[in-house]
Amino acid sequence: MQGTIDFVHTMLAGVVTESDLVVDATAGNGKDTVFMASRAEHVFAFDIQKTALKRTEARLFEAGLDNVTLIHDSHVNIPLHLNHPIKAAVFNLGYLPGGDKNVTTHAKSTVTALEGVLSLLVTGGVIAFTAYPGHAEGKREAEALERHVAGLSSRTFETLLYRSLNKTNAPYAIIVKRKQADED
Ligand SMILES: C[S@@+](CC[C@H](N)C(=O)[O-])C[C@H]1O[C@@H](n2cnc3c(N)ncnc32)[C@H](O)[C@@H]1O
């Protein structure tokens with residue numbers, strides 16, 4: 001079975017092509033940004049920490065990728081920076097590995113950011129979250145996100161939970177896809 005991050009990457013790779021614009025909503029150490037940049041035309045990568053954007057920049061340089069705009073702002077403000085449709089967005093929630101654990105994503109802003117990226121998502125586009133229920137805010141956030149996604153119209157969106165049933169604190173994935181017109 002695939003781990004959560006590999007599963008998220010498989011979901012993204014299934015829809016992202018070299019003519020697509022995509023978003024990394026939590027650049028962090030830049031692994032997802034590199035993954036997206038190697039498949040898409042252009043990536044808009046957000047993080048509220050300059051340290052994270054510097055690490056992402058270094059990782060992109062190492063990979064020889066220059067099709068990324070790094071944006072030092074909260075993902076809540078994504079629609080203020082982008083005025084064109086996107087094919088995918090990835091959110092790897094929680095705190096920066098090796099960074100300040102107090103600077104973490106939060107339930108309310110994550111749900112607001114989801115609504116923002118949904119407003120930009122094209123038909124057939126995918127939004128993928130990795131949630132971390134192993135710490136208190138992560139659990140609150142994951143539950144709020146699940147509730148919100150469960151309330152999305154099933155006429156417009158397909159949704160999916162990819163979660164271990166016997167390792168309850170393990171990270172898990174929440175996927176949202178805007179349906180094609182001919183899907184039921
Ligand atoms: C788990 S890390 C992301 C890991 C990253 N995707 C990677 O592949 O290395 C979470 C990141 O989200 C960032 N973050 C927290 N709140 C944010 C917000 N409101 N907007 C954008 N980024 C945020 C943190 O600074 C941190 O770098």
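In listed order, ligands and their atoms are each counted from 1. Numbers for residues simply follow the sequence, beginning at 1.
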Any atoms of ligand 1 less than 4.0 Å from a non-hydrogen atom of Lys31? List them with their elements. 7 (C), 8 (O), 9 (O)
Exercise: do Asp20 and Thr17 side chains pair donor with acceptor under 3.5 Å: yes
What protein heavy atom sits nearest atom 11 (C) of ligand 1, and how far away is it? Asp47 OD2, 3.6 Å
Atom 3 (C) of ligand 1 has as its nearest protein heavy atom Thr26 O, 3.4 Å
Protein heavy atom at shortest distance from atom 19 (N) of ligand 1: Ser74 OG, 3.1 Å
Is there a donor in the side chain of Ser164 and an acceptor in the side chain of Asn166, or the other way round, less than 3.5 Å apart? yes
Do any N or O atoms from the side chain of Lys177 and from the backbone of Leu160 form a donor-acceptor pair under 3.5 angstrom? no
So which bit of Val90 gets within less than 4.0 Å of ligand 1, heavy atoms only: side chain, backbone, both or neither? neither
Side-chain donor or acceptor of Thr4 paired with backbone N/O of Ala173 under 3.5 Å: no
Please determine whether any non-hydrogen atom of Gly99 lies less than 4.0 Å from an atom of ligand 1. no
Ligand 1 and Asn29, any nitrogen or oxygen pair closer than 3.5 angstrom? yes
What side-chain donor-acceptor pairs closer than 3.5 Å can you find for residues 40-47, not counting sequence neighbours?
| from | atom 1 | to | atom 2 | distance (Å) |
| --- | --- | --- | --- | --- |
| His42 | ND1 | Asn67 | O | 3.3 |
| His42 | NE2 | Thr69 | N | 3.3 |
| His42 | NE2 | Thr69 | OG1 | 2.7 |
| Asp47 | OD1 | Gln49 | N | 2.9 |
| Asp47 | OD2 | Ala27 | N | 3.4 |
| Asp47 | OD2 | Gly28 | N | 2.9 |

Nearest non-hydrogen protein atom, atom 2 (S) of ligand 1: Tyr95 O, 3.6 Å
At under 4.0 Å between heavy atoms, what of Ser109 touches ligand 1? The answer is neither
How about Asn92 and Thr130: does a side-chain donor come under 3.5 Å of a side-chain acceptor? no
Ala25 neighbourhood, listing ligand 1 atoms whose heavy-atom distance to it stays under 4.0 Å: 21 (C), 22 (N)
How far is atom 10 (C) of ligand 1 from its nearest protein heavy atom, and which residue and atom is that? Asn92 O, 3.3 Å
In terms of side-chain geometry, is the basic nitrogen of Lys101 or Glu137 positioned less than 4.0 Å from the acidic oxygen of its partner? no
Numbering the atoms of ligand 1 from 1, which are under 4.0 Å from a heavy atom of Leu93? 1 (C)
Protein heavy-atom partner closest to atom 8 (O) of ligand 1 - residue, atom, separation in Å: Asp32 N, 3.0 Å
Could you work out, with salt bridge (Lys or Arg N to Asp or Glu O under 4.0 Å) as the rule, every residue matching Arg39, not counting sequence neighbours? none
So if I count the atoms of ligand 1 from 1 in the order they appear, which ones are less than 4.0 Å from some heavy atom of Ala27? 5 (C), 6 (N), 7 (C), 9 (O)
Side chains of Tyr95 and Asn102: donor-acceptor distance under 3.5 Å anywhere? no
Within a distance under 4.0 Å of any heavy atom of Gly30, pick out the atoms of ligand 1 and give their elements. 7 (C), 9 (O)
Sub-4.0 Å heavy-atom approach of Ala113 to ligand 1: no
Are Glu57 and Lys54 within salt-bridge range, i.e. N to O under 4.0 Å? no
Atoms of ligand 1 under 4.0 Å from any heavy atom of Gly94, numbered from 1 in the order shown, are 10 (C)
Distance only, no hydrogens: is a donor on one side chain within 3.5 Å (strictly under) of an acceptor on the other, for His9 and Gln2? no
Would Met11 and Tyr162 count as a side chain to side chain contact (heavy atoms under 4.5 Å, CB included) if you check the C-alpha gap in whole Å, the side-chain angles of each, and the deciding distance to 0.1 Å? CA-CA 11 Å; Met11 290 287 109; Tyr162 182 76; over 6 Å; no
Ranked by distance from atom 20 (N) of ligand 1, the top protein heavy atom is His75 N, 2.9 Å
Write out the residue and atom name of the closest protein heavy atom to atom 23 (C) of ligand 1, then the distance separating them to 0.1 Å. Ile48 CG1, 3.7 Å
